[in-house]
Student: 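Got a structure for you, questions after.
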Amino acid sequence: MVAPPRIGRAARSPRVTGVTGPVPPRVDVVCLGESMVTFLPSLPGRLADVPSFDRAIGGAESNVACALAAAGHAVKWVSRVGADGFGDHLVAAVGAYGVDTSGVRRDPDRPTGIYFRTATDRATDAHEVAYYRAGSAASAMSPATVPYRDLWAGRVLHLSGITAALSADCLALMRELTRRRPGRPLVSFDVNHRPGLWRDGSGADVLLELARGADLVFVGDDEAAQAWGLRGADAIRAALPEPRTLVVKRGSVGATVLTREASDGEQDTVTDMPALHVDVVAPVGAGDAFAAGFLSATLRGLPAAARLRHGHLMAAATLTVPGDLGTPPTRADADRLAGLDARAWGRLRLGPGWTAAIEQEVRTR
């Protein structure tokens, strides 16, 4: 079994094999996946009753890319969008965060995906989402259409289970990218179980297969229970012994990270971290933000507890805005908050506008 590369200050560049042509400039993270134009309701209520919508962008992997770029990392987003106005908007909007979009291909024959959603929490019965993504440009991603010189250009390749559900070609690409082989970057995989995307019922088995091929896995305890019937970090780890790092998210309770020095069955080091008290505006995108915060701290070589705290802080920035992307705290502010003692961390309560307020407070001292 090939040991994954270590990530930290001393990480080395992966040797990219089987690639023709020049390798692009190196980045910290490459994120692969579909992004869509999102229409957010102007008022609460059923989709049938909402009078108008505001345009935004949404996509698990591009959310991670934008959050990492906003936190000061060099990030590349790889995807496919239509040769249409919505595709123009997506590329411009993601690029405005400082993300390298040169790996996004335009498809003249397939449209850019869009979706509409209500303002209610995704976990409630009142939440509605109307997707218009069948046959989208992103569904044509495959081992033949996505160049490896783009995918292997970073220290980390971040993937999501959503991509595997888009088409048979996308699933083939995901299986190829999670196959262990020499020279690949560290592969980060967010399970992102979306039962509605797996109409044939194969999602649980496929996601478990892909997660076992990754080096770093993010999974919610609720989705592990729904997909695999597993409850608790120990049970999830027993089903996923291969990844060196396993992050189990427990919503408003907190998160647990299980790490081991090598993927050979050594004992895990287990670290728990309670979540922050947050005045939630909308929960959509919080999991992506958590992954971005954890990856940011991982790239900087910070210890496990700090990685979890940076994940919680980045999630809090998104939980306190209506869209999928919040404005993260500056790196200095995030480091200061992540360095609080346990008592002070437990007393923090964050609401809308908290990142700007903290920055202003620091300026006026």
Student: With side chain to side chain contact (heavy atoms under 4.5 Å, CB included) as the test, would you mind laying out the steps for Asn63 and Leu325 before giving the verdict?
Tutor: CA-CA 7 Å; Asn63 287 346; Leu325 292 164; 3.8 Å; yes
Student: Could you verify whether a donor N or O on one side chain and an acceptor N or O on the other, from Ser42 and Ser52, lie under 3.5 Å apart?
Tutor: yes
Student: For Leu90, does its backbone N or O pair with a side-chain atom of Ser35 as donor and acceptor, under 3.5 Å?
Tutor: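 Not at all, since once roles are kept as given, no pair shorter than 3.5 Å links the two residues.
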Student: What distance separates Asp335 CG from Leu302 CG, expressed to the nearest 0.5 Å?
Tutor: 6.5 Å
Student: Among Val156, Thr245, Leu186, Leu157, which residue meets the side chain to side chain contact (heavy atoms under 4.5 Å, CB included) test with Asp215?
Tutor: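 One option only clears the test, and that one is Leu186.
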Student: Does any N or O in the side chain of Arg260 come within less than 3.5 Å of the main-chain N or O of Pro241, such that one atom is a donor and the other an acceptor?
Tutor: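 Yes, the answer is positive, given that a donor and an acceptor are paired below the 3.5 Å cut-off.
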Student: For a 4.5 angstrom cut-off between non-hydrogen side-chain atoms, does Leu207 reach Phe189?
Tutor: yes
Student: Looking at every non-hydrogen atom in both residues, tell me the closest pair between Ser139 and Ser167 and how far apart they are.
Tutor: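 Result for this residue pair: O-OG, 2.6 Å.
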Student: Which distance, rounded to the nearest 0.5 Å, do you find between the CG of Leu295 and the NE2 of His158?
Tutor: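 Nearest 0.5 Å value for the CG-NE2 distance: 6.5 Å.
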Student: Applying side chain to side chain contact (heavy atoms under 4.5 Å, CB included) to Val248 and Leu246, what does each step give before you reach the verdict?
Tutor: CA-CA 6 Å; Val248 179; Leu246 172 64; 4.1 Å; yes
Student: Is the shortest side-chain heavy-atom distance between Arg133 and Leu166 below 4.5 Å?
Tutor: yes
Student: Test your reading of the model: is there a side-chain donor-acceptor pair from Arg237 to the backbone of Leu240, 3.5 Å cut-off?
Tutor: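 Checked: pair present.
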Student: Quick one: do Tyr132 and Met36 end up in the same hydrophobic cluster if we chain Ile, Leu, Val, Met, Phe, Trp and Tyr together by side-chain heavy atoms under 4.5 Å apart?
Tutor: no
Student: What pairs of residues pass the ring pair (Phe, Tyr, Trp, His ring centres under 6.0 Å) test when at least one of them lies in residues 277-309, not counting sequence neighbours?
Tutor: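 Applying ring pair (Phe, Tyr, Trp, His ring centres under 6.0 Å) to every pair that reaches into residues 277-309, excluding sequence neighbours, yields Phe218-Phe294, Phe290-His312.
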Student: Is there a path of hydrophobic side-chain contacts, each under 4.5 Å between heavy atoms, that joins Tyr97 and Val30?
Tutor: no
Student: Any non-hydrogen side-chain atom of Cys66 less than 4.5 Å from a side-chain atom of Trp77?
Tutor: no
Student: Show the nearest heavy-atom pair for residues His89 and Val37, with the distance to one decimal.
Tutor: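 Residues His89 and Val37, closest heavy atoms: CD2-CG2, 4.1 Å.
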Student: What closest approach, in Å, do Gly33 and Ser79 show between heavy atoms, and which atom pair accounts for it?
Tutor: O-OG, 2.8 Å
Student: What closest approach, in Å, do Ser296 and Ala71 show between heavy atoms, and which atom pair accounts for it?
Tutor: OG-CB, 4.5 Å
Student: Can a side-chain donor-acceptor contact be found between Thr330 and Asp333 if the only test is distance below 3.5 angstrom?
Tutor: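 Result is yes, a qualifying pair exists.
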Student: Between the side chain of Trp345 and the main-chain N/O of Pro274, is any donor-acceptor distance below 3.5 Å?
Tutor: yes
Student: After noting the C-alpha distance and the side-chain angles of Val78 and Arg105, does the key distance pass the side chain to side chain contact (heavy atoms under 4.5 Å, CB included) rule?
Tutor: CA-CA 8 Å; Val78 177; Arg105 302 297 188 265; over 6 Å; no
Student: For the residue pair Phe39 and Phe116, categorise the inter-ring angle as parallel (less than 30°), tilted (30 to 60°) or perpendicular (more than 60°).
Tutor: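 It falls in the parallel class, under 30°.
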Student: Less than 4.5 Å apart, any side-chain heavy atom of Glu61 and any of Asn192?
Tutor: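 With C-beta onward as the side chain, the pair stays apart.
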Student: Do the side chains of Leu40 and Val50 join up, straight or via other hydrophobic residues, at under 4.5 Å, putting them in one cluster?
Tutor: no
Student: Is the side chain of Thr118 donor-acceptor paired with the backbone N or O of Leu47 at a distance under 3.5 Å, no angle test?
Tutor: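 Checking the backbone N and O of Leu47 against the side chain of Thr118, no donor-acceptor pair under 3.5 Å is found.
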Student: How far apart are the C-alpha atoms of Leu308 and Val247, what are their side-chain angles, what is the distance that settles it, and do they pass the side chain to side chain contact (heavy atoms under 4.5 Å, CB included) test?
Tutor: CA-CA 9 Å; Leu308 290 172; Val247 181; 4.3 Å; yes
Student: Is there a salt bridge (Lys or Arg N to Asp or Glu O under 4.0 Å) between Arg184 and Glu176? Walk through the geometry before answering.
Tutor: CA-CA 11 Å; Arg184 78 174 192 179; Glu176 184 68 15; over 6 Å; no
Student: Tell me whether Asp288 contacts the main-chain N or O of Val64 through its side chain, where contact means a donor paired with an acceptor under 3.5 Å.
Tutor: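 No: the side chain of Asp288 does not pair with the backbone of Val64.
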Student: Closest heavy-atom contact between Val217 and Pro243?
Tutor: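 Looking at all heavy atoms of both residues, the shortest contact is CG2-CG, 3.6 Å.
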Student: Are any non-hydrogen side-chain atoms of Val281 and Val321 less than 4.5 angstrom apart?
Tutor: no
Student: Supply the atom-to-atom distance Asp88 CG to Arg106 CZ, rounded to the nearest 0.5 angstrom.
Tutor: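 Asp88 CG to Arg106 CZ: 4.5 Å, rounded to 0.5 Å.
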Student: Judged by atom type as modelled, is there a donor-acceptor pair below 3.5 Å linking the side chain of Thr355 to the main-chain atoms of Thr327?
Tutor: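 A pair under 3.5 Å: yes.
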Student: When rounded to the nearest 0.5 angstrom, what is the spacing between CG in Asp279 and CZ in Arg349?
Tutor: 4.5 Å
Student: Rounded at 0.5 Å granularity, tell me how far OG in Ser136 sits from CZ in Arg80.
Tutor: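 Answer rounded to 0.5 Å: 10.0 Å.
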Student: In the single-linkage hydrophobic clustering (I, L, V, M, F, W, Y; side-chain heavy atoms under 4.5 Å), do Val146 and Val104 co-cluster?
Tutor: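 Looking at the clustering, Val104 is in a separate group from Val146.
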Student: Any donor-acceptor pair under 3.5 Å linking the side chain of Arg250 with the backbone of Asp222?
Tutor: no
Student: Determine whether Val257 and Met273 make a side-chain contact, defined as any pair of heavy atoms from C-beta on separated by less than 4.5 Å.
Tutor: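 Side-chain contact under 4.5 Å: no.
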Student: Could you pull out all residues at least two apart from Asp169 that satisfy side-chain hydrogen bond (donor to acceptor under 3.5 Å, both in side chains)?
Tutor: none
Student: State, to 0.1 Å, how close Met174 and Leu159 come at their nearest heavy-atom pair, and which atoms those are.
Tutor: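 In terms of heavy atoms, the two residues are closest at CE-CB, 3.8 Å.
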Student: What's the spacing between Ile358 CD1 and Leu313 CG if we round to 0.5 Å?
Tutor: 8.0 Å
Student: Check whether any side-chain heavy atom of Ser102 lies under 4.5 Å from a side-chain heavy atom of Lys76, and answer yes or no.
Tutor: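 Heavy-atom side-chain distance check passes, below 4.5 Å.
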Student: Does any N or O in the side chain of Arg231 come within less than 3.5 Å of the main-chain N or O of Asp221, such that one atom is a donor and the other an acceptor?
Tutor: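 A pair under 3.5 Å: no.
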Student: Any sub-3.5 Å donor-acceptor pair from Trp228's side-chain atoms to Ala239's backbone N or O?
Tutor: no
Student: Walk me through it: do Asp341 and Arg347 pass the test salt bridge (Lys or Arg N to Asp or Glu O under 4.0 Å)?
Tutor: CA-CA 10 Å; Asp341 61 38; Arg347 289 201 305 263; 5.9 Å; no
Student: Determine whether Thr271 and Thr259 make a side-chain contact, defined as any pair of heavy atoms from C-beta on separated by less than 4.5 Å.
Tutor: no
Student: Run the side-chain hydrogen bond (donor to acceptor under 3.5 Å, both in side chains) test against Asp49 and tell me which residues pass, sequence neighbours left out.
Tutor: Arg46
Student: Is Val81 reachable from Tyr115 through a run of I, L, V, M, F, W or Y residues, each pair having side-chain heavy atoms under 4.5 Å apart?
Tutor: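 Cluster IDs for Tyr115 and Val81 differ.
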